[in-house]
Amino acid sequence: MNNTDAIGIFDSGVGGLTVASAIHSLLPKESFIYFGDTRHAPYGDKSKSTILDYSRRISRFLKASNCKAIVIACNSASASAFKELEQDFPDIPILNVVDPVVTEVSSLGAKKVGLIATRATVRSQVYLERIRHLDSNAEVVQIATPLLAPLIEEGFSGTKVSQGALEHYLDDERLANLSHLILGCTHYPLLQAEIESFFGSEVQVLNSANLVAEALKDLLLHKGLLNQEPMEKASMRFFVSEKTEAFRDTAKLFFGQEIQLEEKLLPA
Ligand code: DGL
């Protein structure tokens with residue numbers, strides 16, 4: 001493994017681009033290979049075993065592509081597959097998107113934490129357990145918001161459709177008097193401005209993108225894998241299991257340039 005090798009990043013679709021773009025801003029010398037499993041999105045309504053199967057197959061592809069680290073840029077996959085991927089790929093450092101947010105929210109001394117996430121993430125209880133592990137007094141309320149990822153994946157952020165869905169989910173008395181709200185799906189930062197304007201300034205909204213980029217930097221430094229070479233330009237490759245217009249548009253939005261998509265079926 002070489003420190004100039006690429007970082008592998010994957011999600012069910014466009015959500016992980018929020019993480020990839022934060023990684024690219026913080027670590028511009030790092031090349032990355034992104035995999036968006038658009039053929040199987042959304043992941044959030046699938047069983048643990050199905051999400052685990054897809055995650056294993058994508059990780060096999062990233063390993064075969066010589067990635068020096070893998071970022072599971074998807075909460076549903078982090079919740080369903082992290083431990084298993086660590087066992088399956090012991091020689092590649094793997095990062096999930098849950099732990100950096102849990103550490104942050106605990107360090108903020110949050111009183112009442114809300115979590116909005118997919119059904120798979122809520123069902124796993126991963127946030128609840130890890131936050132309570134660090135602070136047994138923390139109050140945590142979890143709400144599954146299954147319509148949000150598909151509507152973001154289809155390019156409906158910032159429209160009446162997203163506004164209606166957000167009002168439907170957020171106008172829930174269980175979310176009253178929150179101090180912090182975790183966006184427990186990497187798709188949701190695309191709705192962050194709308195969510196913040198719904199709650200106003202009393203609620204601090206947290207997303208994982210920058211926190212994961214920082215955690216990745218620490219991990220690469222610790223493993224001696226950070227790219228210190230002077231490079232003209234890091235390479236970015238974008239693979240999808242099915243090309244979609246919305247993926248192309250969202251990737252362009254994040255990286256400010258036309259993105260060349262490469263189609264790749266999940267390995268068997
Ligand atoms: N972006 C993913 C997550 O963080 C998956 C959303 C989905 O495909 O349902 O959970």
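Quantities reported herein were computed from a predicted structural model and do not represent experimental measurements. Atoms within a ligand are numbered from 1 in the order they appear, just like the ligands themselves.
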S.K.: Looking at Gly44, which atoms of ligand 1 are within less than 4.0 Å of one of its heavy atoms?
M.R.: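 By the 4.0 Å cutoff, the relevant atoms are 7 (C), 8 (O), 9 (O).
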S.K.: Identify, for atom 1 (N) of ligand 1, the protein heavy atom at the shortest distance, and state residue, atom and that distance.
M.R.: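 Of every protein heavy atom, His187 ND1, 2.7 Å lies nearest to atom 1 (N) of ligand 1.
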S.K.: Any ring pair (Phe, Tyr, Trp, His ring centres under 6.0 Å) involving residues 35-61? Give me the pairs, sequence neighbours left out, ordered by first then second residue.
M.R.: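 Qualifying pairs: Phe35-Phe61, His40-Tyr54, Tyr43-Tyr54, Phe61-Phe239.
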S.K.: Can a salt bridge be assigned to the pair Glu258 and Lys252 using a cut-off of 4.0 Å between side-chain N and carboxylate O?
M.R.: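 Result for this pair is yes, salt bridge flagged.
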S.K.: Tell me the protein heavy atom at minimum distance from atom 7 (C) of ligand 1, and give that distance in Å.
M.R.: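 Here the closest protein heavy atom is Tyr43 N, 3.3 Å.
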S.K.: Any sub-3.5 Å donor-acceptor pair from Arg39's side-chain atoms to Ser241's backbone N or O?
M.R.: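 Checking the backbone N and O of Ser241 against the side chain of Arg39, a donor-acceptor pair under 3.5 Å is found.
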S.K.: Using distance alone, decide if ligand 1 has a nitrogen or oxygen within less than 3.5 Å of any nitrogen or oxygen in Asp45.
M.R.: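 It does not: no N or O of Asp45 is found under 3.5 Å from an N or O of ligand 1.
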S.K.: Check Gly16 against Thr186 and note the closest heavy-atom contact, atom names and distance.
M.R.: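 For Gly16 versus Thr186, the nearest heavy atoms are N-OG1, 3.7 Å.
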S.K.: Under a 3.5 Å cutoff, is there a donor and acceptor pairing between the side chains of Asn96 and Asp99?
M.R.: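 The criterion, which ignores hydrogens and geometry beyond distance, is satisfied for Asp99 and Asn96.
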S.K.: Establish, yes or no, whether a centroid distance under 6.0 Å links the rings of Phe238 and Phe32.
M.R.: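 Between Phe32 and Phe238, which both carry aromatic rings, the centre distance is below 6.0 Å.
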S.K.: Within a distance under 4.0 Å of any heavy atom of Asp11, pick out the atoms of ligand 1 and give their elements.
M.R.: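 Within the 4.0 Å cut-off of Asp11, ligand 1 contributes 1 (N), 2 (C), 5 (C).
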S.K.: Do you know the tightest heavy-atom contact between Asn177 and Lys112?
M.R.: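 Nearest heavy atoms, Asn177 then Lys112: O-CD, 3.6 Å.
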S.K.: For ligand 1, which atoms sit closer than 4.0 Å to a heavy atom of Ala149?
M.R.: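 Contacts of ligand 1 toward Ala149, numbered from 1: 6 (C), 7 (C), 9 (O).
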S.K.: Which option wins on minimum heavy-atom distance to atom 8 (O) of ligand 1: Ala117, Ser12, Ser208, Gly184?
M.R.: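 The option holding the nearest heavy atom is Ser12.
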S.K.: Pull out every atom of ligand 1 sitting under 4.0 Å from any heavy atom of Ser76, numbered as shown with elements.
M.R.: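 The atoms of ligand 1 under 4.0 Å from a heavy atom of Ser76 are 3 (C), 5 (C), 10 (O).
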S.K.: Checking the N or O distance criterion of under 3.5 Å, is ligand 1 in contact with Thr118?
M.R.: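 Between Thr118 and ligand 1, no N or O pair is found under 3.5 Å apart.
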S.K.: Is it the side chain, the backbone, both or neither of Asn75 that has a heavy atom closer than 4.0 Å to ligand 1?
M.R.: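 It is both backbone and side chain that touch ligand 1.
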